[in-house]
Amino acid sequence: MDTRHTDSGISIQTVYSPDDLPRHCTQVPFELPGLFPYTRGVQADMYRGKGWTMRQYAGFSTAEESNRRYHYLLSQGVTGLSVAFDLPTQIGYDSDHPLSEGEVGKVGVAIDSLADMERLLDGIELEKVSTSMTINATGFILLAFYVALAKKQGADLTKINGTIQNDILKEYAARGTYIYPPQPSMRIITDVFEWCSRELPKWNTISISGYHIREAGSTAVQEVAFTLSNGKAYVKAALEKGMNIDVFGKRLSFFFNSHNNLFEEVAKFRAARRMWAKMMQSLGATDPKAMMLRFHSQTGGATLTAQQPLNNISRVTIQTLAAVLGGTQSLHTNGYDEALSLPTEEAARIALRTQQIVAYESGVADTADPLAGSYYVEWLTDEIERKANELIETIDGMGGSVAAIEQGYMQEAISNSAYQYQKKIESGEKIIVGVNQFQADKETPIPGFVIDDSIREVQSKRLKEIRSQRDAAKAEECLKRIRQAAIESTNLMPEVINAVEHQCTLGEIAGELRGVFGEYRG
């Protein structure tokens, strides 16, 4: 018997009929895009009104090198920037810290100071570009750098548009770039919510990320369940702080993985929108925009193979189609060579062209939710929602996401799924073209992108200059005010912005808060 399953283990029938349709699909009037619960999309006309934002995630070496790549990508048709930061920046160490050795500028750009942020975005008007920053534990500091730069440019902060990832819960569950324990980390995040609602109203204050949960080995169902459960935890934390869900709810955004199983991915995105709308309504939201799940997507990094890397262009194309057919608001497409190194300029261009060909040549953007009404897609959307809700109920029974993470539930579930998936690959049950089937006798070498180790010396010299030239007493006073705000539970953002404007570094600010909050050891 030929039994087939999605990557989440959902059993697939040979054919689907009207008898398999969920009950809500046969009700009148038929659900429309732009209307609650937004299964079919958050805009009535979807991409006919406004295309998705085409981002290319980039950042490496020094700020100047990354700036050159951003200008190149903008010249090639990118409509939004997406910044990758190096590991020391992500975990709150300046480039000259002993623990930064060997990591500066390697997996992203090194940003230690406001001066680095100025170099990173030189020649780019922040009022005119949407910037996404993939940064979590130190996200509030990078946002402070960005705001300080916008002020120096004379920008109107009410017009600044972009996203900061700022999602610490998935770091504990899947990725590992955390600094502080969960409770103070949640406090920092709600401080960002609160400050931005007053001062930066168009900024997306969090990108609740399923991407890294999926990269760590989760299934599509787990990705939806764990991500939305984390989202619920953030909303509840903001409500406990007295914030208005109809105000901060509009600035919440999501970040999902777009994997290889095209129909499961489309159904996942549709189910996630419906589930979030119902969840926000149950938590007290009344404004339709506060119930809309808006999301950025990125093609699946973990699906890329070092073997026959040009095959990755086909994988990324399928994943691009899944994201667009699923109604994404913005998209990053991976370079074909990213299983080997950071993407070369050629690979980044091909990845962008993949989005542009889908947008302008394929016709899939001409109508909203074109797969709606498919017996299979509607059934699968309902099945993913049902299974994900079962997982969310389990997490709720444990006391919510923070408790589930502290008890290791999410981590263990993701680890088990990753193990089972790898077993299927090794047994040949799951075919990966070029890896366990259809191998090539000889591989053609692909030149990699190499980062020079001298970057740390450059950054260390710059840090030394900043510390010698700034008003040391003023910098020390700024750091003390951050410490006091942390102790007194007043909003940290004004003090952090003041500190970066007085040349305090990322490592100094993060270190000051380490002294108050401590470090999470897992």
Side-chain angles (χ1 to χ4, degrees), residues 7 47 51-60 69-70 72-82 84 107 134 211-212 214-215 220 255-266 268-269 296-326 328 330-365 370-371 421 425 430-450:
D7 288 340
Y47 305 127
W52 67 89
T53 302
M54 296 184 189
R55 299 189 188 278
Q56 285 307 117
Y57 187 47
F60 53 86
R69 177 66 65 90
Y70 297 151
Y72 170 75
L73 290 170
L74 288 166
S75 76
Q76 295 298 304
V78 155
T79 53
L81 298 179
S82 186
V107 298
T134 302
Y211 183 85
H212 303 99
R214 191 66 177 278
E215 289 289 284
F255 176 24
F256 287 114
N257 202 306
S258 192
H259 229 257
N260 279 336
N261 191 314
L262 188 144
F263 291 110
E264 182 172 47
E265 295 302 293
V266 172
K268 177 188 78 179
F269 298 134
H296 170 69
S297 51
Q298 180 175 336
T299 56
T303 70
L304 304 179
T305 65
Q307 301 92 332
Q308 302 177 36
L310 290 175
N311 292 346
N312 294 327
I313 297 173
S314 298
R315 292 186 177 99
V316 169
T317 302
I318 292 167
Q319 294 160 9
T320 299
L321 283 168
V324 173
L325 290 167
T328 193
S330 67
L331 176 62
H332 162 80
T333 36
N334 289 326
Y336 68 83
D337 56 358
E338 287 189 57
L340 303 168
S341 68
L342 289 171
T344 59
E345 194 168 277
E346 179 199 47
R349 183 179 66 250
I350 291 170
L352 175 61
R353 293 290 182 259
T354 301
Q355 290 200 55
Q356 292 166 333
I357 290 167
V358 169
Y360 302 114
E361 297 185 27
S362 73
V364 299
L371 294 183
Y421 189 78
I425 293 173
K430 177 72 179 176
I431 294 173
I432 305 296
V433 174
V435 176
N436 61 0
Q437 290 251 13
F438 314 114
Q439 295 100 326
D441 293 332
K442 185 178 179 181
E443 293 280 355
T444 303
I446 299 287
F449 191 91
V450 180

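Side-chain contact check for Y47 versus T328: some heavy-atom pair is nearer than 4.5 Å. R349 is not listed as a side-chain neighbour of Q56, based on a closest heavy-atom distance of 4.5 Å or more. Counting only heavy atoms from C-beta outward, the side chains of Q355 and W52 approach each other to under 4.5 Å. With a 4.5 Å cut-off on side-chain heavy atoms, K268 and R214 count as touching. Between P309 and L304, the closest side-chain pair of non-hydrogen atoms is not below 4.5 Å. Within the 4.5 Å cutoff, no side-chain heavy atoms of D337 are placed close to those of E346. Counting heavy atoms from C-beta on, the side chains of Q319 and H259 never come closer than 4.5 Å.
Across all their heavy atoms, I446 and Y336 have their closest contact at CG2-CE1, 4.2 Å. Residues L262 and A322 come closest through the heavy atom pair O-CB, 4.1 Å.
E264 places a side-chain N or O within 3.5 Å of a backbone atom of D7 that can act as its donor or acceptor partner. Looking at T299, its side chain does come within 3.5 Å of a backbone N or O of N334 through a donor-acceptor pair. Checked by atom type and distance alone, the side chain of Q439 pairs as donor or acceptor with a backbone atom of V435 at under 3.5 Å. Put simply, the side chain of Q308 gets close to the backbone of F438: a donor and an acceptor are under 3.5 Å apart.
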